[in-house]
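Report on the structure given below.
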Amino acid sequence: MAGGALAELAKRRGFFFGANGAYGGTAGFYTFGPQGAALKRNVEEAWRDRFTRKEGNREIEAPTVMPEAVFEASGHLDGFDDMLVECGECGESSRADHLVEDATDFEDAESLSGGAVEDLIHEHDVACPSCGVALAGRDVENFNLMFATDIGPGDAHPGYLRPETAQGIFVEFPRLKEYARGSLPFGITQIGPAYRNEISPRGGLLRLREFTQAELEQFIDPETDEPPLDRVADVDVRLYPADEQAAADGEYRDTTVGEAVADGTIGSAWVGYYLGVAREWYERVGVDMDRFRFRQHLAGERAHYAADCWDAESEVGGDWIEIAGFAYRGDYDLSKHGEHGDDAFTVFKRYDEPKTVERATVDPDMSVLGPEFGGDAAAVADALETLAGRDPGAFEGETVTVEIGEGDDAETHEVDADVANFAVEETTENGEHITPHVVEPSFGVGRTVQTLLAHAYETDEVDGEERTYLALEPEVAPRDAAVFPLVTNDDRLVELATRVADDLRAAGLSVAYDDSGSIGRRYRRQDEVGTPFCVTVDRDGIEGDGPETVTVRERDSAAQVRVPVGELAAELATLRAGGEFVSLSERYDSVETDVETTTN
RNA sequence: GCACCGUUGGUCCAGUGGUAGGACAUUAGCUUCCCAAGCUAAUAGCCCGGGUUCAAUUCCCGGACGGUGCACCA
């Protein structure tokens, strides 16, 4: 879709533009203008309605700055860290760790230090892949995609701007599970900005350094929780599975969610459920379904923990762009935070029936172990406890032999069996602590906005004149309606138009008022920003006996009907909520105009 | 980050070693009963820094930003 023309319209009409223009501009940052901000907000609100409200989920707002420890746990500190080496000859930057992996036996050079990689480049005479000149002696620089900052004065507390909103949910899981009364499944959503210090931002809204994500973290018990798949089983989806992408003549698989899950094309029922929900949502906000598909991640691009992963993709300007990701993340995230964090990232899962189990326990007499083993006493006690769980038989003799320490420091100690206070107890277990699995639908809001604009951009002819309009869905359009007096040389029209605009605003609608220029010019202004309905006050509407009426013009067809002022707010509200303009045509008089609309 | 190309009113463009012109848009007035009409007037611009020069928007160097290709893209 005319990318240049759309970018020009976006700038001129106030959808979005490069930020900080007065200071030369800042690559990777965009400001949403009045129209764009309204559109984006409406998209977010539609997402909120579908993925939070209608799913019975809850939304939170976490900070955008988080301490370093969070990202050590999440893996972003290492995983987002690229080692770059620049060729002194041709200036080409390459991934130093990848070059070393190709030249040596190392499979995970990324885990090495920069200095170690520099040494390996030297030892193995690694050369620039572009020009072949040796890279020995060049500095290996770490480039982390996360924006770093300091929390508080000094540099003792490093922090980072979050590279995804998800961590704000994972980190707070121990408390969030309390709000869910400790029971699975439950879902937490968040809409907000995330930050990545991209090496080279490109393509307008497509790759930014600050962008908005809408994410849902669905926490489930993998053994028992099933999605309500029947709700979306009949939803048509266009799938582009990994095997088709690998094939030379790979084709789409047009199927339904239910079938794709049943035949295993979609590996996870939960992922399948959200693909269905997402597909319906995208259609609702105005994505052209002929330019939409779900693409499965290839084995190589999938994170190792992700069992199945699909992207929603839309076609914009001839390219397919990722606009959402759907991942079955297993227990990866919560386990990581469980290892690094202080709190319990588990939920207690109650058994159907309490289980009675025999458990070997020890209760070492520390007043004996202390004097005997000194500083090793605690380690000996721990070893006894471990041994009891592993080999209760070891406690049958007079003494027990335990080993403490590891490797060369390992020591063996003899402990009097009485001191260990070994016992086998019968205990009742009501359940166990399990780490929930996570299903994560993650949406790019800016990319959705870009898609909607590209798919809504239309040209046609009205009355022989070419026009450009945005066929945005009323639910997401920046304005709900515009109100005009047909002409300004009649005060009665101006007064009524002003009153109608005020009334509509009081009714909660977002309304533009315009009395500048000819009526045709005003229609075109609104067409270009996607306002779905224009209300015009004319003389026919105020003369005669009946109630005051105005005309309502539908954007795409330019068709008009005459509606009483008193019913206007309710009708527009219905249209905004998805009502059909045709239903107005059936109940109200059409306005005869000579205007002809020709689709290009 | 590298390479090539570009940057002139709000937008899209023309042009020049002596500080600029158009179209569209905008504003005001006139006109106007339904789709960018017309008339009059007004507002508004050479990306930033350095160099060469009597003089730089123009030439040179560097930077920023944008486009394209490469690299990168949890």
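Since we're looking at a predicted model, the values are computed, not measured. Reminder, nothing fancy here: chain letters follow the sequence lines and each chain counts from 1.
On the P atoms, rC4(B) is 26 Å away from rG9(B), given to the nearest whole Å. Rounded to whole Å, the C1' atom of rU57(B) lies 41 Å from the corresponding atom of rC35(B). For the C1' atoms, the distance from rC61(B) to rA42(B) is 41 Å, rounded to whole Å. Distance check on atom C1': rC72(B) versus rA14(B) gives 39 Å, rounded to whole Å. Taking atom C1' on both nucleotides, rA44(B) is separated from rA23(B) by 15 Å, rounded to a whole Å. Here, rG69(B) and rU58(B) have their C1' atoms 29 Å apart, quoted to the whole Å. Rounded to whole Å, the separation between the P atoms of rG51(B) and rC13(B) comes to 33 Å. Annotation: rA36(B) and rG22(B) have their P atoms spaced 25 Å apart (nearest Å).
Closest-nucleotide positions on RNA chain B for Arg492(A) and Arg209(A) were compared, and the one nearer the 5' end corresponds to Arg492(A). For the pair Val462(A) and Gly25(A), both in contact range of RNA chain B, the more 5′-proximal nearest nucleotide belongs to Val462(A).
In this entry the distance linking CG of Leu6(A) with P of rC12(B) reads 13 Å, nearest Å. Rounded to whole Å, atom C1' of rC30(B) lies 15 Å from atom CG of Asp515(A). The NZ-C1' distance, from Lys11(A) to rC24(B), rounds to 15 Å in whole Å.
Of the nucleotides present, rC70(B) is the one that pairs with rG1(B) by Watson-Crick or G-U wobble criteria, both distances under 3.5 Å. With a cut-off of 3.5 Å on both Watson-Crick or G-U wobble distances, the partner of rA44(B) is given as none. Shown here, rU11(B) forms a base pair with rA23(B); the pair counts as Watson-Crick or G-U wobble because both key distances fall under 3.5 Å.
The side chain of Ser200(A) has rG1(B) as its nearest neighbour among rA74(B), rG1(B), rU27(B). For Arg12(A), counting side-chain heavy atoms from C-beta on, the closest listed nucleotide (rU11(B), rG66(B), rU32(B)) is rU11(B). Among rU26(B), rA74(B), rU32(B), the nucleotide with an atom closest to any side-chain atom of Arg525(A) is rU26(B). If you check rU32(B), rA36(B), rC34(B) against the side chain of Asp538(A), the one that comes closest is rC34(B). Closest to the side chain of Arg202(A), out of rU68(B), rG66(B), rU11(B), is rU68(B). Residue Ile519(A) places its side chain closer to rC35(B) than to any other of rC35(B), rA71(B), rA74(B).
Here Phe29(A) and Tyr195(A) keep their ring centres 6.0 angstrom or further from each other. Taking the six-membered ring for Trp and the full ring otherwise, Phe484(A) and Tyr523(A) have centroids separated by under 6.0 Å. Between Phe326(A) and Tyr328(A), the distance from one ring center to the other does not fall under 6.0 angstrom. Aromatic ring centroids of Phe173(A) and Phe219(A) lie under 6.0 Å apart.
At rA36(B), one or more side-chain N or O atoms of Arg524(A) fall inside 4.0 Å of OP1 or OP2 (strictly under the cut-off). At least one side-chain nitrogen or oxygen of Arg521(A) sits closer than 4.0 Å to the OP1 or OP2 atom of rA25(B). For Ser518(A), a side-chain nitrogen or oxygen approaches OP1 or OP2 of rA37(B) to under 4.0 Å.
Residue-level contact check: Ala27(A) touches the backbone only, with heavy atoms under 4.0 Å from sugar-phosphate atoms and none from bases. Counting non-hydrogen atoms under 4.0 angstrom, Gly203(A) reaches the backbone sugars and phosphates but no base. Heavy atoms of Glu528(A) sit under 4.0 angstrom from at least one base atom. No engagement by Gly541(A) is indicated, since no non-hydrogen atom pair under 4.0 Å with the nucleic acid exists.
In this model, a donor atom of one side chain and an acceptor atom of the other lie less than 3.5 Å apart for Gln218(A) and Tyr274(A). In the model, Asn20(A) has a side-chain atom that pairs as donor or acceptor with a side-chain atom of Thr26(A) under 3.5 Å.
With hydrogens and angles ignored, no donor-acceptor pair under 3.5 angstrom links the side chain of Ser516(A) to the base of rU26(B). Counting distance only, with no hydrogens placed and no angle test, the side-chain atoms of Thr551(A) and the base atoms of rC34(B) include a donor-acceptor pair under 3.5 Å. Side-chain N/O atoms of Arg196(A) and base N/O atoms of rC73(B) include no donor-acceptor pair closer than 3.5 Å. The base of rC34(B) sits within donor-acceptor range of the side chain of Tyr523(A), with an N or O pair under 3.5 Å. Side-chain to base pairing of Glu198(A) with rC72(B): no donor and acceptor N or O lie closer than 3.5 Å to each other.
Taking 4.5 Å as the limit, every side-chain heavy atom of Trp270(A) sits out of range of all side-chain heavy atoms of Leu275(A).
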